[in-house]
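Following: one structure in structure tokens, then a few remarks.
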Amino acid sequence: MASFDPETRNLIDGKLVPASNGAQFENINPATEEVIGVAADGTPDDMEVAIAAARRAFDETSWSTDHEFRKHCLEQLNAALDEAREDLRQIVVAEAGSPIMITYQVQVDSYIDSMPYWSDLATSYTYESPMSDIEFMGNTQARIIRREAVGVVGAITPWNFPLYLNLAKIGPALAAGNTLILKPAPDTPWSATHLGKLVSEKTDIPAGVLNIVASSDHGVGAMLSTDPRVDLVTFTGSTATGRAVMQAASATVKKTFLELGGKSATIILDDIDIDAAAPMAGIAVCTHAGQGCAIQTRTLLPRARYEEGIEKIAATMSSVNYGDPLDPSNLMGPVVSKKQQERVLSYIEQGKQAGARVVVGGGTPAHLEKGYFIEPTLLADVDPDSVVAQEEIFGPVLCVIPYEDEADAIRIANNSMYGLSGAIWSGDTERALSVARKIRTGTLSVNGAQWFDVDTPFGGYRQSGVGRENGLAGFEEYLETKVIALPK
Ligand code: NAD
């Protein structure tokens, strides 16, 4: 039995409502395979009402121009999130199968604690400033540059870090003065609907400013990419779906902001203490069962130290604690669904068929009878052009690839359609930095240093996305630019 009381209704035009046809869909705990409850199964009619409400709230209220009021409302939301923290933690663990260990970091706590960054920006940001004067046909003209909310934002999110990713869209979009419709992943509805309850009961956010429409039907979310009343669609999810969103949004030339997949590489240079570096590569891929877009899922080892490196990574991956996500010593729980479990297992099979050597794991754990678990899996001798080295597996599966020299390592790291993240380990920080400058990705870590924070612009090169989430750059994704010229 759940010890928390999740909200099952959608928030549409200021009201918590069931689906228009009364339908509900089941929420399944991936660690137990049990149905833990239901959520309103939002319909196209519900989405239609939500879009109309968001449009009206943007066009007919002072939400976009009253910066002080927005700050006040968002501060109420911050306080409500703080109060609801333990419920939200239980929800994320139960519906996403997230190990509770990481809920004390970005999955729940660190992002709730970061929310004042957005509420403060509502008033501290300079929305209007003078530019230099220009001469035009013998007259001097003044110019003003203004940043204004884009309008109605459609936000579509995945299940792996559901609360964080919902807040990472709600925070900046609302702080910048937009109205928003959030369509969460069907696997994790409560991490969104519960926010609707907080907004409705604990804040003065006006009706229509924030709408939350959970649905088991991807098509309901797809309406956000096509509807002409939506000005911007912000999407986090797989690259395949990101392409569909971008294509659908093109008919109305909608602004699109995409945070997509990754296949990031760890480069272990030949001058590092391999005892220190190699275990970290194993730990990274097991965190939350590898279900993180920025997790490094390829490890590049110098040929001369290849077997030694594999041995160290294997030792770490063989001893990782995993199982019940509520056990605080577990680094990984299950993957999110039966479908994902089958997908990950099929990738492991493809890897084997393409000649990869299974050093650790390779299947489902015998000791866990229930739940969509996958063994921590280490694939060695992976061809850098093969499917498992190129495609995002989204499971605890690490591909190890040997390289000949530094230039070869950089070439293999960059041999990807993705460009989200990466890690470099070296005994010489300057050398690591020079390699980091040559890797085509949005974020990089040297010797385990951490880049993630609410003020860090995060996003991808190439097919890992368009735009940046978080930081000032992330805030400005939700603003238009207007220049007004006037006679002096
Ligand atoms: P997904 O692409 O299957 O689904 C994401 C969301 O899109 C869900 O809400 C889903 O209902 C919706 N959706 C599906 N089809 C749609 C369509 N045609 N139009 C509009 N919406 C549609 O992704 P997922 O499996 O839920 O999440 C895992 C993926 O997310 C991975 O690829 C991961 O790398 C990526 N991700 C990226 C980031 C980032 O910031 N770059 C962060 C987390 C996850």
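Note that this is a predicted model, so its numbers are computed, not measured.
His367 and Tyr322 have perpendicular rings, their planes meeting at more than 60° on a 0 to 90° scale where under 30° would count as parallel. Ring geometry for Phe458 against Trp451 counts as parallel: the plane angle stays under 30°, on a 0 to 90° scale with 60° as the upper cut.
Taking a cutoff of 4.0 Å between a charged side-chain nitrogen and a carboxylate oxygen, Arg70 and Asp204 do not qualify as a salt bridge. Salt-bridge annotation for Asp231 and Arg55: present, with a side-chain N of the basic residue lying under 4.0 Å from a carboxylate O of the acidic one. No salt bridge links Glu392 with Lys263; every basic N to acidic carboxylate O contact stays at or beyond 4.0 Å. Between Lys352 and Glu349 there is a salt bridge, with a side-chain nitrogen of the basic residue lying less than 4.0 Å from a carboxylate oxygen of the acidic one. In this structure, Asp13 pairs ionically with Arg56, as a charged nitrogen and a carboxylate oxygen lie closer than 4.0 Å. A salt bridge does not link Lys339 to Glu342: none of the charged nitrogens lies less than 4.0 Å from a carboxylate oxygen. Salt bridge annotation for Lys202-Glu83: present, with a cationic side-chain nitrogen under 4.0 angstrom from a carboxylate oxygen.
Residue Arg85 places its CZ atom among more than 12 non-hydrogen atoms of other residues, nucleotides or ligands, all under 6.0 Å distant. Open room surrounds CD on Gln247; 12 or fewer heavy atoms of other groups in view lie less than 6.0 Å from it. The 12-atom threshold is exceeded at CD of Gln450, counting heavy atoms of other residues, nucleotides or ligands nearer than 6.0 Å.
If you take CG on Asn78 and NZ on Lys71, they are separated by 10.0 Å, rounding to the nearest 0.5 Å. Going from atom CD1 of Ile156 over to atom CG of Leu165 covers 13.0 Å, rounded to the nearest 0.5 Å. Interatomic distance, NE2 of His72 versus OG1 of Thr203, reported as 8.0 Å (0.5 Å rounding). Taken from CG in Leu260 to OG1 in Thr241, the straight-line distance is 9.0 Å, to the nearest 0.5 Å. Note that the CG atom of Asp453 and the CG atom of Asn470 stand 8.5 Å from one another [nearest 0.5 Å]. Residue Ser191 holds its OG atom at 12.0 Å from CZ of Phe161, rounded to the nearest 0.5 Å.
Side chain of Glu95 to backbone of Trp190: a donor-acceptor contact under 3.5 angstrom is found. Between the side chain of Asn160 and the main chain of Gln291, a donor-acceptor pair closer than 3.5 Å is present.
By the 4.5 Å heavy-atom criterion applied to side chains, Asp41 and Ser216 are counted as neighbours. Between Val152 and Leu180 the shortest side-chain heavy-atom distance does not fall below 4.5 Å. Side chains of Thr266 and Leu300 form no contact here, defined as non-hydrogen atoms less than 4.5 Å apart. Side-chain contact between Thr103 and Ser98 is present, with at least one heavy-atom pair separated by less than 4.5 Å.
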**Message:** Set out, in order, the CA-CA distance, both residues' side-chain angles and the distance that settles side chain to side chain contact (heavy atoms under 4.5 Å, CB included) for Glu476 and Arg147, then state yes or no.
**Reply:** CA-CA 8 Å; Glu476 291 177 340; Arg147 305 301 305 269; 3.9 Å; yes
**Message:** For Arg89 and Asp109: C-alpha separation, side-chain torsions, deciding distance, then whether salt bridge (Lys or Arg N to Asp or Glu O under 4.0 Å) applies.
**Reply:** CA-CA 8 Å; Arg89 188 187 317 289; Asp109 283 337; 3.1 Å; yes
**Request:** Before giving the answer on salt bridge (Lys or Arg N to Asp or Glu O under 4.0 Å), spell out for Lys482 and Glu148 the whole-Å C-alpha distance, their side-chain angles and the decisive distance to 0.1 Å.
**Result:** CA-CA 7 Å; Lys482 177 186 281 177; Glu148 298 177 347; 3.0 Å; yes
**Request:** Apply side chain to side chain contact (heavy atoms under 4.5 Å, CB included) to the pair Lys254 and Leu232, showing each step before the final yes or no.
**Result:** CA-CA 6 Å; Lys254 223 179 276 315; Leu232 180 159; 5.7 Å; no
**Request:** Take Asp87 and Asp5 through the test side chain to side chain contact (heavy atoms under 4.5 Å, CB included) and record every step on the way to the result.
**Result:** CA-CA 8 Å; Asp87 284 350; Asp5 181 22; 5.9 Å; no
**Prompt:** side chain to side chain contact (heavy atoms under 4.5 Å, CB included) between Ile170 and Leu182: does it pass, once the steps are laid out?
**Reply:** CA-CA 8 Å; Ile170 291 172; Leu182 171 68; 4.1 Å; yes
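With hydrogens and angles left out, the side-chain atoms of Ser20 and Thr43 include a donor and acceptor closer than 3.5 Å. Under the 3.5 Å distance criterion, with hydrogens and angles disregarded, no donor-acceptor pair is assigned to the side chains of Asn29 and Glu34. Counted by atom type alone, Asp46 and Asn10 present zero donor-acceptor pairs between their side chains at under 3.5 Å. Judged by distance alone, the side chains of Tyr164 and Gln107 never bring a donor and an acceptor atom under 3.5 Å apart. For the residue pair Ser215 / Asp217, no side-chain donor-acceptor distance below 3.5 Å is found, with atom types taken as modelled. Using modelled atom types, one finds a donor on one side chain and an acceptor on the other under 3.5 Å when comparing Ser421 with Thr443.
The distance between the ring centers of Tyr478 and Trp118 does not fall below 6.0 angstrom.
Closest non-hydrogen pair, Ser225 versus Thr252, comes out as O-OG1, 4.3 Å. In plain terms, the two heavy atoms of Asp187 and Ser337 that are nearest each other are OD2-CB, 4.2 Å. Taking each heavy atom of Ala57 and Gly208 in turn, the nearest pair found is CB-C, 3.6 Å. Contact record, Ile412 with Pro384: CG2-CB, 4.0 Å, taken as the closest heavy-atom pair.
The cationic atom of Lys169 (NZ for Lys, CZ for Arg) lies less than 6.0 Å from the six-membered ring centre of Phe257 and within 45° of the ring axis.
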